[in-house]
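The structure under discussion appears below in the form of structure tokens.
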2 protein chains.
Amino acid sequence: MLSQVEENYLKSIFKITEKEGKPASTNAIAGDLQTTAASVTDMLKRLSEKTLIHYEKYKGVQMSDKGLTIATQLVRRHRLWEVFLVEKLEFAWDEVHDLAEQLEHIHGNSLIDRLDAFLGNPRFDPHGDPIPDAQGRWTRRKQILLSALEPGEKGIVSGVENHSPEFLQYLDQLGLVLHTQITLRERFPYDQSVRIRTDDGRELSLSEKVAANLYVEEQSGTKERR
Amino acid sequence: MLSQVEENYLKSIFKITEKEGKPASTNAIAGDLQTTAASVTDMLKRLSEKTLIHYEKYKGVQMSDKGLTIATQLVRRHRLWEVFLVEKLEFAWDEVHDLAEQLEHIHGNSLIDRLDAFLGNPRFDPHGDPIPDAQGRWTRRKQILLSALEPGEKGIVSGVENHSPEFLQYLDQLGLVLHTQITLRERFPYDQSVRIRTDDGRELSLSEKVAANLYVEEQSGTKERR
DNA sequence: AAATATTTTTAGATCAGCCCAAAATTTTAA
DNA sequence: TTAAAATTTTGGGCTGATCTAAAAATATTT
Ligand SMILES: [Mn+2]
Ligand SMILES: [Mn+2]
Ligand SMILES: [Mn+2]
Ligand SMILES: [Mn+2]
């Protein structure tokens, strides 16, 4: 069984390699985990020893099959707990991440599968991120950034690129919750800000910064193996 | 903020001093936490340094006010999570202890109070043990061991002295779940075994060992400060 | 291609937790 | 009231996780 710290490293390496599409650098991991490069090198040796990662000195690190399975389970746990906290305990979507960071490390035989069932087998977490199923399969969606939508096109708010409480609270204030249907009315070339209309008829102006951190879905997704 | 290990020590010291009614010995703590006396002495120094306990070399250890508050919150968390696991995730009452041992260490502002509300502010956990409220107040009940009941007297199964999965599963098999009303029919002097009648009309024979590990309630309890 | 800057690793320490073996203290028995 | 037994503490050492400072390797400029 792995320590919480080891699990956090695996999750971080997974996240970085997924996003970057190449081996994770020592510095990137250190930045993500708020620690030093020296500590990271130390841990990479240990994880490599346990065949949880593929690591070559100075060349960065990738997930092994074993590590990938564990990291996927961690993401599953994290997101299911987030659903629980929002749906059942009525936390706001900007309050649940830190608690889920702790809860994801709880180990137990059928715990997560029971939680999954209790929550009704949700496919997405409160931030619109997909929840891998018990076999580690992901639900993929065709979603694009609002900043990539063309005037006249419609979309449904389906996720966020930035997960910071500040951004999430701002979206709350704007009334731009998940599943809101929107139409892009106009994009102003001067600053790339946009004007949208929501399904309840309100017109909103959004900065380029907001538009570049909000995902909209164009059509429904399908299940596929990762 | 305390480490999980420190929290476990506080809970153990609390449990032992409550049961024994006197300072907890190094050996008792070591036995409870499945560690060595040397490790315990080590930790007692650290906890004493943080004024979480009153510790005098060779004289045993007692809770300080600060430690007592923390230990009480830990018991509250442990038991509320047990209720969640049984009531919501449908675990059996003999399966939840180890998970609750982990969950009780999750820290978060309003987490436990929200969980408490979500569960309907339960006063007792799945094993009949009282759950302290947010202010650390306990619900006390007049419950006695079944082995102390006299022939002809009635009682309601309200708790267990032994929490082992083996005993709990055996009670399941006997159909002696919490809140079952029973009448003591006869006690056999030869081995102190008893014959009881349950509220659904069944007659059961119970060994002295079972009777000495099962609590029955005689009347409803009142709230008081500890 | 050489010089410079950046990234990564190593060396050496610290700290919390844990252990064993030996010494000190307290308790029990003779 | 001594001697023996049991308990507790101390001393020394180990591991996992962390850090700083210095060395090594890689990447970027000139
Ligand atoms: Mn999160
Ligand atoms: Mn999320
Ligand atoms: Mn328990
Ligand atoms: Mn319990």
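Letters go in sequence order (proteins before strands), and every chain restarts at 1. In what follows, every heavy atom counts, from backbone to side chain, and hydrogens, waters and symmetry copies are set aside.
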Give a yes/no on whether any side-chain N or O of [X] is located under 4.0 angstrom from OP1 or OP2 of [N].
X       : N      : answer
B:Thr35 : C:dG17 : no
A:Asn27 : C:dT8  : yes
A:Lys45 : C:dT10 : yes
A:Tyr55 : C:dT9  : yes
A:Thr36 : D:dC19 : yes

In whole Å, I'd like the distance from the [atom1] atom of [X] to the [atom2] atom of [N].
X       : N      : atom1 : atom2 : result
A:Met43 : D:dT15 : CE    : P     : 16 Å
B:Glu56 : D:dT9  : CD    : P     : 11 Å
A:Asp42 : D:dG16 : CG    : P     : 10 Å
B:Glu49 : C:dG17 : CD    : P     : 14 Å
B:Leu52 : C:dA16 : CG    : C1'   : 15 Å

Original post:
Taking for each residue the nucleotide of DNA chain C with the nearest heavy atom, is it A:Ala28 or B:Glu6 whose nucleotide lies nearer the 5' end?
Top reply: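 Whichever sits nearer the 5' end wins; that is A:Ala28.
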**OP:** Indicate yes or no: does A:Lys209 engage A:Asp191 in a salt bridge with an N to O separation below 4.0 Å.
**Re:**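 The answer is no: the pair does not qualify as a salt bridge.
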**OP:** Identify whether any heavy atom of A:Thr41 sits under 4.0 Å from a base atom; if not, whether one sits that close to sugar-phosphate; answer base, sugar-phosphate or nothing.
**Re:**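 A:Thr41: base contact, heavy atoms under 4.0 Å.
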